[in-house]
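Reviewing the structure listed below.
If you read the sequence from its start, that first residue is 1, and numbering goes on from there. None of these values were measured; they are calculated from a predicted model.
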Amino acid sequence: MATSSQLHVAIVMDGNGRWAVKRGLPRIAGHRQGAQVVHDIVAAAPGLGVTALTIFAFSTENWKRPPDEVSYILHLFVSMVTKWLPELVSQHVRVRIIGDRAALPGDVSASVEAIEKRTAACDGLHLNVALNYGGRAEILLAAKTFAAECAAGTATPEELTEERFDSYLWLKGEAPPDIVVRTGAESRVSNFLLWEMAYAELFFLDVLWPDFTPATLDMIVQKFKSRNRRFGSL
């Protein structure tokens, strides 16, 4: 049986556009509703025993979408989180953005820094938002960082351990996810937390993200608690 005082849930929030299209609405309406669901899940997560929540907001592959949709998604995130900041602070939610920030629009990057600074001292739920994130890019960056240290003579290949490699990742300092959820009726991980999810329990749901509720999260947590996590042992 899975038991832990800490519980890290990571979510691939898929299905916003399809949710909107099914209702004859523009795709951005699905993203707007999906953002509201994020608000509801963040508020409910601590009461369900979740201590860290990592959500996949925008991937390195999402740049392939129409430019207007890309711009809307990026600005929707920062505008909604900025609006929620007083509430997040009162709930002691620490917000951290993981991913490659170099390609983000200047105003988005500035808002991200302001959000992190405002919540840095919060000691409640850890909310990690993957923005312009890709698992392969994260691993490559970590490998290049260590390689550069070796080239500079400040490290040797023999010194590389899993713990040291973790320290080069965007999610450094956070325990790996216990649960990875993907909504939207797709059964793939889509380049999300490839290193970190090595022993996570996976849940693939038919529900589209805008229809995800705190009750859905509670169901997942309860099922997780019934699983026997052996981590390679008997």
Side-chain angles (χ1 to χ4, degrees), residues 1-16 18-19 34 36-59 91-96 98-99 123-131 133-136 138-139 142 161-167 169-234:
M1 305 287 283
T3 58
S4 175
S5 60
Q6 297 188 342
L7 182 61
H8 182 178
V9 178
I11 306 178
V12 180
M13 307 178 297
D14 192 26
N16 291 332
R18 281 174 287 154
W19 181 90
Q36 181 58 50
V37 172
V38 170
H39 173 274
D40 297 343
I41 296 304
V42 169
L48 300 175
V50 178
T51 54
L53 180 66
T54 300
I55 57 175
F56 205 0
F58 189 86
S59 77
Q91 295 173 344
H92 309 288
V93 178
R94 187 204 70 182
V95 182
R96 182 166 58 145
I98 61 172
D123 58 0
L125 177 74
H126 289 184
L127 175 60
N128 306 300
V129 182
L131 195 66
Y133 173 89
R136 288 183 172 182
E138 179 182 41
I139 293 169
T161 62
E162 290 188 13
E163 291 73 22
R164 183 161 182 167
F165 195 79
D166 283 339
S167 73
L169 300 175
W170 285 316
L171 200 58
K172 62 186 176 185
E174 195 76 77
D178 302 288
I179 297 170
V180 174
V181 180
R182 189 200 175 105
T183 62
E186 303 287 359
S187 299
R188 56 180 179 266
V189 297
S190 293
N191 200 19
F192 185 48
L193 302 180
L194 298 181
W195 172 272
E196 297 90 343
M197 72 160 60
Y199 279 101
E201 298 291 320
L202 307 181
F203 292 82
F204 298 102
L205 306 182
D206 289 340
V207 63
L208 301 177
W209 176 248
D211 292 325
F212 194 94
T213 68
T216 312
L217 179 58
D218 185 33
M219 175 270 293
I220 291 168
V221 169
Q222 297 310 314
K223 285 189 176 181
F224 167 78
K225 290 179 179 178
S226 70
R227 293 190 178 182
N228 183 15
R229 305 182 78 199
R230 295 185 295 275
F231 299 98
S233 66
L234 298 179

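Expressed to the nearest 0.5 Å, how far OG1 of T54 lies from CE of M197 amounts to 10.5 Å. Considering CG of D218 and CG of L48, their distance stands at 5.0 Å, rounded to 0.5 Å. Considering CG of L205 and CZ of F212, their distance stands at 6.5 Å, rounded to 0.5 Å. Rounding to the nearest 0.5 Å places CG of L7 at 10.0 Å from CG of L53. Rounded to the nearest 0.5 Å, atoms CD1 (I98) and NZ (K172) are 12.0 Å apart.
Taking 4.5 Å as the limit, some side-chain heavy atom of N128 sits within range of a side-chain heavy atom of R94. The side-chain heavy atoms of V38 and I41, taken from C-beta on, include no pair separated by under 4.5 Å. Counting heavy atoms from C-beta on, the side chains of L194 and R136 come closer than 4.5 Å. You'll find the side chain of L193 reaches within 4.5 Å of the side chain of P177, heavy atoms only. Side-chain contact check for R96 versus L171: some heavy-atom pair is nearer than 4.5 Å. A 4.5 Å side-chain heavy-atom check between L125 and V50 finds at least one atom pair inside the cut-off. Proximity of I55 to W209: side-chain heavy atoms (C-beta onward) are nowhere separated by under 4.5 Å. Using a 4.5 Å heavy-atom cutoff, the side chains of S190 and R182 are in contact.
Defined by atom type and a distance below 3.5 Å, a donor-acceptor pair is missing between the side-chain atoms of E174 and H8.
Between A200 and V180, the closest heavy-atom pair is CB-CG2, 3.7 Å.
Judged by distance alone, the side chain of D206 and the main-chain N or O of A185 form no donor-acceptor pair under 3.5 Å. Within the 3.5 Å criterion, the main-chain N or O of M13 finds no donor-acceptor partner in the side chain of T183.
Tested against E138 for a side chain to side chain donor-acceptor pair (under 3.5 Å), the candidates W195, Y133, W170 yield a single pass: Y133.
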